[in-house]
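First comes the structure, then the notes that go with it.
The basis for the numbers below is simple: all heavy atoms, side chains too, and nothing from hydrogens, waters or symmetry mates. Within every chain, numbering begins at 1; the chains are lettered A, B, ... in the order of the sequence lines, protein sequences first and strands thereafter. Small disclaimer: the values here were computed from a predicted structure and weren't measured.
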Protein chains: 4
Amino acid sequence: MARPLSEEKRQAILAAATDAIATVGVAASTAKIATAAEVSEGTIFTYFATKDELLNQLYLELKDDLGRAMLATYPAKAGLRERAHHVWDRLIEWGHTNPAKNRAMKQLSVSDKITPASRNAGNAVFEEVNNLLSEARSGTSPAFCGAILEALSEKTVDFMRREPDRADAHKAAGFAFFWKGLTG
Amino acid sequence: MARPLSEEKRQAILAAATDAIATVGVAASTAKIATAAEVSEGTIFTYFATKDELLNQLYLELKDDLGRAMLATYPAKAGLRERAHHVWDRLIEWGHTNPAKNRAMKQLSVSDKITPASRNAGNAVFEEVNNLLSEARSGTSPAFCGAILEALSEKTVDFMRREPDRADAHKAAGFAFFWKGLTG
Amino acid sequence: MARPLSEEKRQAILAAATDAIATVGVAASTAKIATAAEVSEGTIFTYFATKDELLNQLYLELKDDLGRAMLATYPAKAGLRERAHHVWDRLIEWGHTNPAKNRAMKQLSVSDKITPASRNAGNAVFEEVNNLLSEARSGTSPAFCGAILEALSEKTVDFMRREPDRADAHKAAGFAFFWKGLTG
Amino acid sequence: MARPLSEEKRQAILAAATDAIATVGVAASTAKIATAAEVSEGTIFTYFATKDELLNQLYLELKDDLGRAMLATYPAKAGLRERAHHVWDRLIEWGHTNPAKNRAMKQLSVSDKITPASRNAGNAVFEEVNNLLSEARSGTSPAFCGAILEALSEKTVDFMRREPDRADAHKAAGFAFFWKGLTG
DNA sequence: GATGAATGAGAATTCATTCAT
DNA sequence: GATGAATGAATTCTCATTCAT
């Protein structure tokens with residue numbers, strides 16, 4: 001099993017899958033994904049052994065992408081609130097500017113095709129954030145806080161999308177809620 | 001005249017669908033649902049014109065069920081915090097004692113088969129709660145608060161399920177987070 | 001097996017079947033026919049044991065109807081040409097003013113659901129016409145002539161429908177062709 | 001690259017469809033057609049997007065086949081009667097030696113699945129014949145004559161099949177009728 | 001007798017995957 | 001390695017017919 005030749009092609013498949021899954025869910029057919037990726041039906045299976053593997057790898061890529069975005073330019077030396085604010089803004093920005101990725105991740109998250117192993121690996125991305133949050137003295141465990149952070153940011157993005165006029169207000173309100181909940 | 005439609009059978013189908021969708025998502029086949037409901041494949045379609053209609057009606061039933069549970073024994077005269085606490089407890093209880101309903105609703109919520117009309121009708125259930133929450137002076141709009149409440153309770157139930165030993169702690173921490181976020 | 005109560009209902013079913021079959025062919029569902037006849041699905045089967053029987057009886061009724069129309073006011077004493085002309089006019093008139101019956105009969109005629117027995121009985125209707133035609137000295141057998149008459153009149157009606165402006169011309173040309181073919 | 005579509009397989013499907021439709025009409029199931037064509041059920045749909053498309057393409061192929069047969073060895077320089085006779089003989093021969101094609105075409109012709117576009121294209125085949133016939137001074141329009149020719153030949157073939165002993169007589173009588181009708 | 005819910009055997013079509021080219 | 005035709009199980013939905021009401 002030589003490594004597949006073209007990382008470019010692999011990314012094209014993943015990108016096409018993201019779009020397809022965002023719209024129709026994990027039921028998106030491999031044929032449609034192949035067409036969108038401008039790749040033949042068979043080629044998908046030289047890059048991913050099965051559709052389930054494609055799904056799991058996409059899930060991981062998206063989590064990784066989100067994690068990378070979240071911690072980019074992370075101000076490690078800043079105060080707790082500032083760092084939390086920074087993470088919040090990155091999270092919202094990612095969700096808001098990447099609707100397809102955002103929706104695809106939601107679909108994948110509820111799918112039974114994603115293995116527990118993938119879920120764990122995906123959550124690992126939030127470890128650093130957990131550390132950050134554990135500094136805040138709160139009754140809630142770090143892992144739980146991380147999950148809440150994700151859930152809140154997702155709902156916030158939903159509302160920003162639903163009411164674009166009040167996007168900034170929602171973004172601020174969402175963080176305020178989070179911060180007060182965490183530390184208030 | 002003739003045999004009347006049996007509400008019992010309709011409920012059996014919805015219950016079977018709930019279980020099936022909870023495990024495999026909206027891709028659950030009508031054939032499997034029929035078998036689980038102890039009904040013939042064709043019968044599904046005398047109760048629901050299409051699978052999509054079944055999905056939408058189930059979504060509505062679940063929302064309704066949740067709403068009813070949430071507001072059962074609602075202490076209208078009590079203080080704000082007590083009323084919020086009451087709602088929170090009902091919400092958690094519903095999710096925790098009805099894992100299938102809980103998961104099915106999650107699957108349906110992300111599915112593109114649920115029409116905007118159904119979503120609106122489903123959200124209407126939360127109107128009363130919105131009223132409750134709007135009393136609390138907070139920067140967040142009532143609708144947004146309702147959504148946050150739902151999201152938080154879902155995550156809380158997730159963690160209660162994941163770590164049964166700390167179920168009560170999670171439940172309390174979840175409410176504390178919500179209350180502080182709302183009013184803190 | 002008491003005789004079904006209502007001849008009226010029976011006719012309603014046959015009429016509805018005629019329309020349905022005219023449009024979608026013998027695949028027309030009994031449910032649709034029942035609805036159109038303003039009768040319940042089950043009732044169809046108290047008047048006709050099976051769908052095939054309905055089809056066969058309808059075929060016979062239509063043939064009978066056509067035969068009756070064809071020989072109505074038949075000028076038994078007139079000359080051969082006049083009598084032939086009379087039959088032709090009745091035939092064309094029937095087809096032209098009863099498009100649904102006309103089309104339904106075409107559909108039934110090519111269907112394998114019509115039994116040989118029904119076909120024979122249906123052809124019997126043309127016996128009298130055969131007698132008429134056999135007077136004309138021609139190489140063609142009476143039965144063959146009858147069939148040709150039917151085929152020609154059908155095509156003529158088709159063209160009258162397709163080109164309504166020239167309906168009368170087609171009608172005349174059709175008869176001219178028939179008469180010359182027969183006697184020329 | 002990859003396996004090319006096999007014209008052989010396409011023809012096998014069309015041939016199987018011809019037989020199936022000849023016997024049970026356009027209701028012939030794709031599954032049965034596939035089996036008869038020794039092809040898997042799915043394969044039908046790589047050659048024809050839908051069953052309706054299969055039906056329309058088959059209709060066109062049959063018309064084309066008939067047209068080709070009709071004009072094969074056409075004696076363009078011969079006298080009118082001889083040319084007409086030639087066409088008649090080819091028509092009868094085609095119908096008589098290809099009962100399945102003959103019946104399938106009849107079924108397709110009355111089906112509402114055949115689009116107007118297909119019908120037009122199918123009729124185009126008779127254009128050359130129309131030209132031939134228009135030479136004969138007759139009251140009937142060329143298109144109408146073509147239709148009559150088709151109808152007469154079909155009935156003739158029917159009778160030849162029904163009474164094989166008199167096949168030749170019927171064939172001759174049919175032409176005599178046609179010729180007299182046209183020119184008499 | 002009339003009704004229409006119940007049934008389950010098909011129906012057309014889709015799809016992940018394999019494999020000949 | 002890339003391609004896309006081939007496959008057949010699985011899917012949603014339809015339908016003639018039966019039978020409880």
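Contact record, N56(D) with T115(D): OD1-N, 3.1 Å, taken as the closest heavy-atom pair. Minimum interatomic distance between K51(A) and A28(A) (heavy atoms only, all atoms of both residues): NZ-O, 2.9 Å.
Protein atom CZ of F45(A) is 13 Å distant from nucleotide atom C1' of dG4(F), rounded to whole Å. One can place CG of L55(C) at 14 Å from P of dC15(F), the figure rounded to the nearest angstrom. Rounded to whole angstrom, the span from the NZ atom of K9(C) across to the C1' atom of dG1(E) amounts to 8 Å. If you take CD of E38(B) and C1' of dA5(E), they are 18 Å apart, rounded to a whole angstrom. If you measure from atom NZ of K113(A) to atom P of dC15(E), you get 13 Å, rounded to the nearest angstrom. Going from atom CG of L5(B) over to atom P of dA5(E) covers 5 Å, rounded to whole Å. One can place OH of Y47(D) at 14 Å from P of dG4(F), the figure rounded to the nearest angstrom. In this structure, I44(C) atom CD1 and dA2(E) atom C1' are separated by 13 Å, rounded to whole Å.
S118(B) has its side chain within reach of L60(B): a pair of non-hydrogen atoms, C-beta onward, lies under 4.5 Å apart. Side-chain contact between T18(C) and L58(C) is present, with heavy atoms from C-beta onward closer than 4.5 Å. Looking at I114(B) and R119(B), their side chains come closer than 4.5 Å, going by heavy atoms from C-beta outward.
At dT7(E), one or more side-chain N or O atoms of T43(B) fall inside 4.0 Å of OP1 or OP2 (strictly under the cut-off).
Within 4.0 Å of S29(D), counting heavy atoms only, lie sugar-phosphate atoms of the nucleic acid but no base atom. As judged by a 4.0 angstrom heavy-atom cut-off over every strand, K32(A) is placed among residues making no nucleic acid contact. Residue T30(D) is in base contact, counting any heavy-atom pair closer than 4.0 Å across all strands shown.
For the helix from dA2(E)-dT21(F) to dT21(E)-dA2(F), the axis fitted to the five pairs at one end and the axis fitted to the five pairs at the other end meet at an angle of 10° (nearest 10 degrees).
Residues S40(D) and E41(A) each lie close to DNA chain F; by heavy-atom proximity, the contact nearer the 5' end of the strand is made by E41(A). Along DNA chain E, the nucleotide nearest to A28(D) and the one nearest to G42(C) differ in position, and the one closer to the 5' end is contacted by G42(C).
Of the candidate nucleotides dA16(F), dA6(F), dT3(F), dA16(F) has the atom nearest to the side chain of K51(C). Side-chain atoms of T46(B) lie closest to dA6(E) of the nucleotides dA6(F), dA6(E), dT17(F). The S6(B) side chain lies nearest to dA6(E) when the options are dC13(F), dA6(E), dT17(F).
Atoms CE and CG, on M105(B) and L66(B) in that order, are 5.0 Å from each other to the nearest 0.5 Å.
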Intermediate values then yes/no, side chain to side chain donor-acceptor pair (under 3.5 Å), Q11(A) and E7(A): CA-CA 6 Å; Q11(A) 287 303 331; E7(A) 177 61 16; 2.9 Å; yes
